[in-house]
Amino acid sequence: MFDRQKKGERAVLVLPHSRGGSDAAERAEEFVELVKSAGAQVLATISARVEAPNPRYYIGTGKAEEVAEAVRALEADLVLVDHLLTPVQERNLEKILSTRVVDRAGLILDIFAQRARSHEGKMEVELAQLKHLATRLVRGWTHLDAQRGGAIGNRGPGETQLETDRRLLAERVKMLSKRLEKVQTQRSQQRRARLRNTVPRVALVGYTNAGKSTLFNTLTQGEVYAADQLFATLDPTVRKLDDLSCGPAVLADTVGFIRELPHDLVAAFRGTLAEARDADLLLHVSDAADEERERLHQVVDGVLEEIGAGDVPQLHVMNKIDLAGGEPRIVRDAQGLPQQVWISAATGQGLDLLRQALGEVLGGERVQSELHLPLSAGRLHARLRAAGAIAQEAVDEAGWRLHIDAPRSVLVPLASGHGADIELLRGLLGSSDTLPDAP
């Protein structure tokens, strides 16, 4: 046993890599940024080539001894390993190093615990932490495990204490899961309400520190915390987005993605990730100044596939052109549809082009026409108003005289059902294979 002091955050970093690993330098740089985001001071970084993981330490025995010497020489408080360790490997490393050892998952969990602000976010982080801790309870009670064959005086309470801790932990996990289910039910009801109102839903996704929160604040005049650090914001934030040619939309900011994001976190942050899965369009924000942006695109797409959002249409936003030296522009495909928009959220360059592209992608063909509705069509009138499709209106004893100005994509979902008023709307849209069948 050793004294796990909590006074310091002076860390030695261990960076495992394989012989054929081509992204070792990028991984190392990213891990250093993670450590700084957690508030730790980097004393030294030690590379460790790992071809076949050592089941005892993950790294080799000689490398473990080298790390131990560095810890003693630098008087480090903890060792951070850029890999997912098993509980046995973590415990064995702590024994040989005589200091705290935290793997990649534990580090990310610590950052999430610092950054969560909302009640839902805090519960999600605690749930992920408890699941991570469940397999590591034995570390804290090694001094109670000395039971040798039932000899008198050696029957310690260690096993009983572990069973008690596991029971309490399981009860807490169960309680948090129930609370999160209630919160997520409320969020799903809000999303269904937005769907009923046919307001397009847009979600910001991308690698962490790509500038999503800065872009969110700029587009919506919001006040989401934004900083030049990994995982600056975790909690999902939803705001109305105006000034689009297609009418209003709903914009959601989501947690940034990262390679090897722990599965417990992916499972826990259902509230945030559901905004991406249920969106009509994903704004995939990338750092235009990052030479590794194409590879990071693949990381983000992999996480989107994992959460069930791989089929949601994307509009790529190349951010930070003020650092990359590019010009604001829209890149279109062969059909003339926007595929990329080059902007700077910090300086405002290209934001008008981004709004234009959003209007084109979300709106498509725009319908501008007169529509006369009888007074009996109050429900359709209310839905048209909620969708923002009515530009002008007048009412008399015959009903409503409406001037419709809205994207076709907004009007088509309203044209389902039976009744003379629905037939009037379907006639306004014209015959098309995209019109919903009347149930």
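- For L424 against P374, the heavy-atom pair with the smallest separation is CD1-CD, 4.3 Å.
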Stepwise side-chain contact (heavy atoms from CB on, under 4.5 Å) check, I343 with L215: CA-CA 10 Å; I343 68 160; L215 178 59; 3.7 Å; yes
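- Distance check: L283 CG to D253 CG gives 11.0 Å after rounding to the nearest 0.5 Å.
- A side-chain donor-acceptor contact under 3.5 Å links E360 and Q356.
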Intermediate values then yes/no, side-chain contact (heavy atoms from CB on, under 4.5 Å), V361 and L337: CA-CA 7 Å; V361 174; L337 296 176; 5.9 Å; no
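- At a threshold of 4.5 Å between non-hydrogen side-chain atoms, the residues D243 and L219 do not count as touching.
- Contact of the Y207 side chain with the D287 side chain is not registered, since no non-hydrogen atoms from C-beta on lie closer than 4.5 Å.
- A donor-acceptor pair under 3.5 Å is formed between the side chain of D396 and the backbone N or O of G399.
- Note that CD of E370 is 6.0 Å distant from NE2 of H372, once rounded to the nearest 0.5 Å.
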Worked check of side-chain contact (heavy atoms from CB on, under 4.5 Å) between V79 and L93: CA-CA 9 Å; V79 172; L93 279 174; over 6 Å; no
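- No donor-acceptor distance shorter than 3.5 angstrom exists from the side chain of N92 to the backbone of Y57, with no hydrogens or angles considered.
- Counting non-hydrogen atoms of other residues, nucleotides and ligands closer than 6.0 Å to CZ of R379 gives a total of 12 or fewer.
- Between the side chains of H297 and S286, at least one donor-acceptor pair of N or O atoms lies under 3.5 Å.
- To the nearest 0.5 Å, atoms CD (E90) and CG (L85) are separated by 6.0 Å.
- Other residues, nucleotides and ligands contribute only 12 or fewer heavy atoms inside 6.0 Å of the CD atom of Q392.
- Dense packing is recorded around CD of E171, with more than 12 heavy atoms of other residues, nucleotides or ligands lying under 6.0 Å away.
- Between W342 and I321, the shortest heavy-atom contact is CE3-CG2, 3.8 Å.
- In this structure, L13 and D82 have side chains that are not in contact, with every pair of non-hydrogen atoms separated by 4.5 Å or more.
- The pair R179-E126 does not meet the salt-bridge criterion, since no charged nitrogen lies less than 4.0 angstrom from a carboxylate oxygen.
- For the pair P328 and G350, the tightest heavy-atom approach, listed with the atom from each and the gap, is CB-CA, 3.6 Å.
- Judged by distance alone, the side chain of E94 and the main-chain N or O of V101 form a donor-acceptor pair under 3.5 Å.
- To the nearest 0.5 Å, the span separating CG on L176 from NZ on K174 amounts to 13.0 Å.
- With respect to L80, the side-chain contact (heavy atoms from CB on, under 4.5 Å) criterion is satisfied by exactly one of D103, V102, L15, T45: V102.
- Separation of atoms CD (Q89) and CD1 (I59) is listed at 10.0 Å; rounding is to 0.5 Å.
- Shortest non-hydrogen contact noted between P16 and Y58 is CB-CE2, 3.7 Å.
- The closest side-chain heavy-atom distance from L34 to R104 is below 4.5 Å.
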L304/V312 under side-chain contact (heavy atoms from CB on, under 4.5 Å): CA gap, chis, key distance, verdict: CA-CA 9 Å; L304 290 174; V312 180; over 6 Å; no
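- Of all the heavy atoms in A38 and L107, the pair that sits closest is CB-CD1, 3.6 Å.
- With a 4.5 Å cut-off on side-chain heavy atoms, L358 and L281 count as touching.
- The two residues D322 and Q349 have their closest heavy-atom pair at CB-OE1, 3.9 Å.
- At a threshold of 4.5 Å between non-hydrogen side-chain atoms, the residues D301 and H284 count as touching.
- Rounding to the nearest 0.5 Å places OG of S177 at 10.5 Å from CZ of R172.
- No more than 12 heavy atoms of other residues, nucleotides or ligands lie within 6.0 Å of CZ in R401, so this atom counts as exposed by the packing criterion.
- Between T220 and K240, every side-chain heavy-atom pair lies at or beyond the 4.5 Å cut-off.
- In this structure the side chain of K320 never reaches within 4.5 angstrom of the side chain of D290, judged on heavy atoms.
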